[in-house]
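Accompanying notes for the structure given below.
We count ligands from 1, going down the list as the structure has it; atoms in each ligand are counted the same way.
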Amino acid sequence: MVAILGHESYFSCSAFKTSFYFLLPDFVFMIPKSFYRRIEGELTELEKSSLLRTVPEVDFGADKELVFKGKRLLNLASNDYLGLSKDQSLATAAIKAVEQYGCGSAASRLVTGNFRLYDELERELAAFKEQEDSMLFTSGYAANLAIMDSFAGRRTVVFSDKLNHASILDGIRMSGARQVRYRHNDIAHLKKRMEASKDADEKLLVTDTIFSMDGDLAYLEEIADLCDFYDTMLVVDEAHAEGVFGSGKGIAHERGLVRRVDLHMGAFSKGFGSLGGAVSGRKDLISYLRNKGRSFVFSTALSPAVIGANLAALRMVAEDPSRGDKLLHMSRDVKTYLESCGFDCGQSESQIIPVILGDNETALTARDRLIEAGIYAAAIRPPTVPEGTARLRLSLRADLTEVDLQKIKAAFGGLKAELEK
Ligand SMILES: Cc1ncc(COP(=O)(O)O)c(C=O)c1O
């Protein structure tokens with residue numbers, strides 16, 4: 001009966017349909033549809049394999065210290081790498097923007113969602129990134145969807161590192177392009193794949209510059225060389241590098257590759273402590289993106305508060321990029337310590353340090369032990385990371401003090417001893 005009711009053609013008159021539903025006894029709606037059984041089964045399976053995700057009971061989650069189940073913990077799980085999300089100058093700028101423009105932008109940017117501060121932010125971002133133009137998106141996720149959806153299509157081959165962020169993969173899927181994945185950071189493998197597809201109509205390569213679950217860096221010089229050789233558009237995702245590397249501008253800047261990258265994607269949601277995604281590049285490419293990017297065209301513009309905070313964060317980083325250098329220095333010190341204890345931190349070269357533990361249970365146990373020691377670190381499990389590589393993901397932040405660093409080291413020293421019992 002439920003299936004019949006769901007079939008539109010049985011009731012073409014909507015008035016009849018409404019009154020008919022109204023007359024049905026309540027018990028009809030209590031009959032479980034068959035897909036509920038599948039969903040219940042999948043949830044049970046996830047729970048059994050320690051993979052069921054729930055939102056943690058965290059209060060003040062973006063702060064340096066968060067409150068978890070009533071306990072104050074040092075926060076090593078957020079992406080607020082520079083500690084800007086609670087900075088007073090961002091808050092003041094956000095409030096000023098709200099007072100001037102209100103709370104919502106009320107339409108997509110191309111309709112009436114624009115305001116002067118938006119244009120100012122894009123102009124300043126383009127200058128900061130040393131590009132002709134920049135445009136903002138409601139999130140980094142939306143930015144990656146738009147890039148792929150705009151610049152790739154059925155005639156395009158997209159080369160993508162196996163560990164690229166999910167938003168890139170989703171964008172490629174949406175575009176209908178042929179995806180050619182290469183082994184993580186394996187340049188020889190990439191070259192082979194590019195050679196095999198050299199006659200494709202259009203080619204695009206996309207890579208994270210810092211891989212979000214491993215903290216290692218892409219071999220951008222070698223990738224740029226291959227893209228030049230194989231006439232391939234190069235797109236980089238600097239979401240985790242901005243604010244930290246290259247005077248806050250990212251890895252492409254640090255390595256002197258600004259002109260060899262076609263599109264620079266970034267995010268205000270991480271090092272800049274706020275919200276939103278951004279893409280910078282040549283004027284014509286950005287204009288194309290404004291016309292073709294569906295997540296831009298069909299979505300409400302960011303709110304004035306966010307734009308105000310982003311502008312303040314960008315100015316802070318541009319004026320004083322030293323927070324990023326301090327953070328990287330600290331990260332090297334912590335990684336060296338963890339490795340001296342015998343932990344596997346992979347190839348991390350950034351503020352993201354994985355502590356790879358293997359199975360899901362161990363990762364969850366380790367997370368709980370750290371909580372007892374006053375530290376909150378995320379336990380990351382498949383499918384976010386490959387099977388058998390469940391881990392703690394530490395993201396360090398520039399506002400950690402010497403006392404905090406000692407606390408982290410003592411907690412991991414204790415954890416190692418406990419895991420080896
Ligand atoms: C590499 C990378 N790109 C894009 C995104 C998406 O950014 P946002 O969180 O602003 O949507 C993330 C988010 O974690 C990311 O890690």
Side-chain angles (χ1 to χ4, degrees), residues 53 55 61-62 76-82 84-85 90 121 125 129 134-149 158 160-174 181 184-185 205-218 220 223 234-245 250-252 261 263-280 289 293-296 299-303 305-307 309-310 313-314 346 348-354 377-378 380-381 383-385 391 393-397:
R53 294 166 198 249
V55 177
L76 297 188
S78 91
N79 297 322
D80 185 14
Y81 303 126
L82 304 183
L84 294 188
S85 78
L90 268 70
L121 174 57
L125 180 63
K129 297 284 284 185
S134 285
M135 68 181 284
L136 290 171
F137 290 85
T138 49
S139 66
Y141 187 94
N144 277 335
L145 288 194
I147 292 174
M148 291 305 140
D149 175 36
V158 177
S160 171
D161 188 290
K162 272 214 162 128
L163 295 190
N164 273 346
H165 189 256
S167 54
I168 293 176
L169 305 188
D170 292 355
I172 298 170
R173 256 184 232 146
M174 215 174 129
R181 295 176 87 185
H184 176 53
N185 264 346
L205 187 147
V206 56
T207 183
D208 291 10
T209 56
I210 299 184
F211 292 90
S212 57
M213 294 300 137
D214 291 79
D216 56 345
L217 313 185
L220 214 51
I223 288 174
L234 174 55
V235 179
V236 296
D237 176 335
E238 299 260 30
H240 295 277
E242 282 182 352
V244 181
F245 282 83
I251 303 276
V261 169
L263 283 177
H264 302 253
M265 178 272 175
F268 280 94
S269 51
K270 316 211 186 282
F272 289 118
S274 178
L275 181 70
V279 185
S280 307
L289 199 50
R294 295 173 67 81
S295 62
F296 172 77
S299 188
T300 299
L302 283 163
S303 72
V306 169
I307 300 299
N310 290 354
L314 181 65
S348 165
E349 289 183 63
S350 68
Q351 73 281 11
I352 300 169
I353 306 176
I380 310 286
R381 292 156 287 162
T384 308
V385 291
R391 63 195 64 186
R393 174 188 183 267
L394 308 187
S395 45
L396 300 194
R397 37 191 304 141

Is the shortest distance from a heavy atom of Gly277 to ligand 1 less than 4.0 Å? no

Give me the atom names and distance for the closest heavy-atom approach of Ser395 to Ser78. OG-O, 2.5 Å

Give the residue, atom name and distance (to 0.1 Å) of the protein heavy atom nearest atom 10 (O) of ligand 1. Ser269 OG, 2.7 Å

Side-chain touch Arg294/Leu145, heavy atoms, less than 4.5 angstrom: no

The test is side-chain contact (heavy atoms from CB on, under 4.5 Å); show your working for Phe245 and Gln351 and say whether it passes. CA-CA 10 Å; Phe245 282 83; Gln351 73 281 11; 3.9 Å; yes

Checking the N or O distance criterion of under 3.5 Å, is ligand 1 in contact with Lys270? yes

Asn79-ligand 1 polar pair, N/O distance under 3.5 Å: no

Among all protein heavy atoms, pick the one closest to atom 3 (N) of ligand 1 and tell me residue, atom and distance. Asp237 OD2, 2.6 Å

Which residue supplies the protein heavy atom nearest to atom 11 (O) of ligand 1, what is that atom called, and how far is it? Tyr141 N, 2.9 Å

Nearest heavy atoms of Asn164 and Val206, plus distance in Å: ND2-O, 2.8 Å

Which residue and heavy atom of the protein sit nearest atom 8 (P) of ligand 1, plus the separation: Gly140 N, 3.4 Å

Would a distance-only check, ignoring hydrogens and angles, find a side-chain to backbone donor-acceptor pair under 3.5 Å from Asp80 to Leu84? yes

Heavy-atom side-chain contact between Met213 and Arg393 under 4.5 Å: yes

Nearest protein heavy atom with distance in Å, relative to atom 16 (O) of ligand 1: His240 NE2, 2.5 Å

Distance from atom 5 (C) of ligand 1 to nearest protein heavy atom, with residue and atom: His165 CE1, 3.5 Å

For Ile210 and ligand 1, does the shortest N/O to N/O distance drop below 3.5 Å? no

To check you understand the geometry: which heavy-atom pair defines the closest contact between Pro383 and Arg53, and what is its length? CD-NH2, 3.4 Å

